[in-house]
2 protein chains.
Amino acid sequence: MVKPTFLNLPEDKRQRIIDVAVEEFAGKPYSKASLSNIVSRAGIAKGSMYQYFEDKKDLYSYLLDMAVEEKMAYIKEGMEPAGDFFASLEQAVYASTRFSLDHPKLGQVLANAMDPMGEEVLQEFFSQSKQTAMDWFENMIVLGQQEGTVRRGFNTRLMAHLLYSTIGFGLMEYFLEAQNVNMHEFITNPQLAKGFTEDAIRDTVREIMDFVRGGLEAKGWGK
Amino acid sequence: MVKPTFLNLPEDKRQRIIDVAVEEFAGKPYSKASLSNIVSRAGIAKGSMYQYFEDKKDLYSYLLDMAVEEKMAYIKEGMEPAGDFFASLEQAVYASTRFSLDHPKLGQVLANAMDPMGEEVLQEFFSQSKQTAMDWFENMIVLGQQEGTVRRGFNTRLMAHLLYSTIGFGLMEYFLEAQNVNMHEFITNPQLAKGFTEDAIRDTVREIMDFVRGGLEAKGWGK
DNA sequence: GAGTCACGTGACCACTTAGTCATATTATAG
DNA sequence: CTATAATATGACTAAGTGGTCACGTGACTC
C-alpha cells in the first residue's frame, strides 16, 4: 500500500515522481524497469522511494490503479445510457482509443499489465484486471442479446475474448503502423499523437464497428 | 549467427540445450531470461554457450527461426489450395491453434517476439516477423475480394490487423481461461494441453469463423 | 532553546547478470 | 606416440539490481 508520506508530498514533487515512474514502467517489462533509474531521474534518493512505497511491486500497483481509474473516467464520460449495444460499444472503443492516444505512457503501463505473457510476479494484477474487462464485455453482449440487437447461439465468453483482443490490440497497432512508428517511439515522442486527427480516429473506429456488427448483429437489424 | 560447433554437437546434447533454452525464453521476457540458468539446467559450462552462439541475442534469434519454421510447417501442411478465402482462413486458424497447443513453449517464444510492447532490443525481430504476418493476412483478404467472397470498401490493412489480433490473441486466451489456467501453468505443465479435445478446438475455430465471416463476407454468399 | 519526530539520504549489502579467458580436456592426424 | 587443432570449462569481471539502515536535516511542540 502506498504510504501516507507520498500522498503528503508537495504536488509538483509527487507528480514528477509519478511521471518518471510511469515512463520507466511503460518502456520496459516490469522486471527490467529500474528503481535506481527512476530515483536518479526524479532527483530523489533511493531510500526516499522506500518511504513512499513498500517496494517495487507496491509502486507498480499504485501506477496501475491510476491508469485504470483514468481509463475508466474516459469510458464513463463517453457513455450514453440510451444507446443500443453497438452504439455503446462504439462509444467505448472510441473513448478507449482516445485514452491511449492522450496518455500513451499510462496506456502502455496498462497494456503491459494485461499482457498474457506477463511475468509471473504480475499474474495477480493481470488476472484481476483482465477478468474485470472480460466480464464487462460479456455482460454487454448478453444485454445486447436481451435487447435483440445481438444474435444468439454463440459462446458469449469466447466472443468477449474476441472483442477484447480485436479492440484492445488490433486498433492500437494499426494506428502505429499507419504512422510508421513503433511503440517505443510513440511513447517517448509525445508529438506523434498529433498525427492522428479526430476524423481519422472516428473513421477507423467506425470501420471496426462495421466488422464487429457484421459478426454479431441479429438478422433484421442494421442498415 | 549460430556457430558450426553447435550444429556438430551430438543430437541429444543439442536437443537438450534447445529444450532448456526454449523453456527459459518462453517463461520470461527476453531481458529476464538467464543464460546462467540455461547452462546450469542444460548441464554445460557457461563458456560452452559462447562456443555455440555469438551472444544471447544470437541464441534467441536461432530459437525464433526454429519457431517460425515449425509454425509455417503446420500452416502449410493444412492448406488446401482449392478452398475459398474463408475455408483457407479456417484452415490457417486451426493449424495455428494446433501448433500452439502441440508446442506451447515454442509458441510462446514466438508470441513474445510479436509482442508490440516487446523490449527495444527485439524490435528488429518483432517488426520483421510482424510485418510478414500482416502482409500474409492482407494478401489473403485481397485475394478473397478478387474471388468475390469478401466484401470491398474497407481498409484492408486495418482489417488484417483486426484478423491478426482476433486470431492470434483472442483464441489462445479463451482456451486458457476455459481451462482455468494461466499461461505459465500451461507452459510448465505439458499435460494441460490434453484438456483440449479435437472437437472442442474445431468448434471454437468454427465459432470464430462465424464471427469473421459475418464481418467480412460479401452479400449473396454464405449459408 | 531543548526535545521529539517525520522525512531525506546515499553508502552499502547480497545477489544476479552477460560475457571473457586462461587452462584443461578431448579428438584428429601424421 | 606425438603434435596439433577443436572444444569444454568455470572462476572471474564489471555492471546492475532491489532493498536496508545508520545517520542528517528540518520542522514543530513544549
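Every chain is numbered from 1 and lettered A, B, ... according to where its sequence line falls, protein lines coming before strand lines.
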CG/N180(B): more than 12 non-hydrogen atoms of other groups inside 6.0 Å: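 No - once you tally the heavy atoms of other residues, nucleotides and ligands closer than 6.0 Å, there are 12 at most.
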Taking atom CE as the centre, does M79(A) end up with more than 12 heavy-atom neighbours from other residues, nucleotides or ligands that are less than 6.0 angstrom away?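 Atom CE in M79(A) is crowded, with more than 12 foreign heavy atoms closer than 6.0 Å.
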Only Watson-Crick and G-U wobble pairs, only distances under 3.5 Å, only runs of 3 or more: what stems does that leave for DNA chain D? C:4-27 with D:4-27
Verify the ring-centre separation between F6(B) and Y62(B): is it less than 6.0 angstrom? yes
For K57(B), does its backbone N or O pair with a side-chain atom of S61(B) as donor and acceptor, under 3.5 Å? no
With a 3.5 Å distance limit and no angle check, can you tell me whether E70(B) reaches the backbone of A67(B) through a side-chain donor-acceptor pair? no
Is any side-chain N or O of S36(A) closer than 4.0 Å to OP1 or OP2 of dG16(D)?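 It does not, given that no N or O in the side chain of S36(A) lies less than 4.0 Å from OP1 or OP2 of dG16(D).
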Roughly how many Å is it from [atom1] in [X] to [atom2] in [N], rounded to a whole number?
X: F6(B); N: dA8(D); atom1: CZ; atom2: P; answer: 11 Å
X: K56(A); N: dG16(D); atom1: NZ; atom2: P; answer: 15 Å
X: K3(B); N: dG19(C); atom1: NZ; atom2: C1'; answer: 11 Å
X: E54(B); N: dA18(C); atom1: CD; atom2: C1'; answer: 14 Å
X: F53(A); N: dT20(D); atom1: CZ; atom2: P; answer: 16 Å
X: K32(B); N: dG18(D); atom1: NZ; atom2: C1'; answer: 11 Å
X: D55(A); N: dT17(D); atom1: CG; atom2: P; answer: 17 Å
X: N8(B); N: dT28(C); atom1: CG; atom2: P; answer: 11 Å

Can you see whether Y30(A) has K32(B) sitting over its ring - NZ or CZ less than 6.0 Å from the centre and within 45° of the normal? no
Mind telling me whether Y164(B) and F137(B) have parallel, tilted or perpendicular rings, with 30° and 60° as the class edges?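 F137(B) vs Y164(B) ring planes: perpendicular.
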ring-ring contact (aromatic ring centres under 6.0 Å, His included) between F125(B) and Y60(B): does it pass, once the steps are laid out? CA-CA 10 Å; F125(B) 302 121; Y60(B) 183 74; 5.8 Å; yes
Locate the shortest heavy-atom distance separating E138(B) from A160(B); write the atom from each residue and the value. N-CB, 3.8 Å
Produce a footprint string for nucleotides 8-15 of chain C: one letter per nucleotide, 5' end first; B if the base is under 4.0 Å from any protein heavy atom, S if only the sugar-phosphate is, - if neither. BBB-----
Given dG19(D), dG19(C), dT17(C), identify the nucleotide with an atom nearest to the side chain of Y50(A). dG19(D)
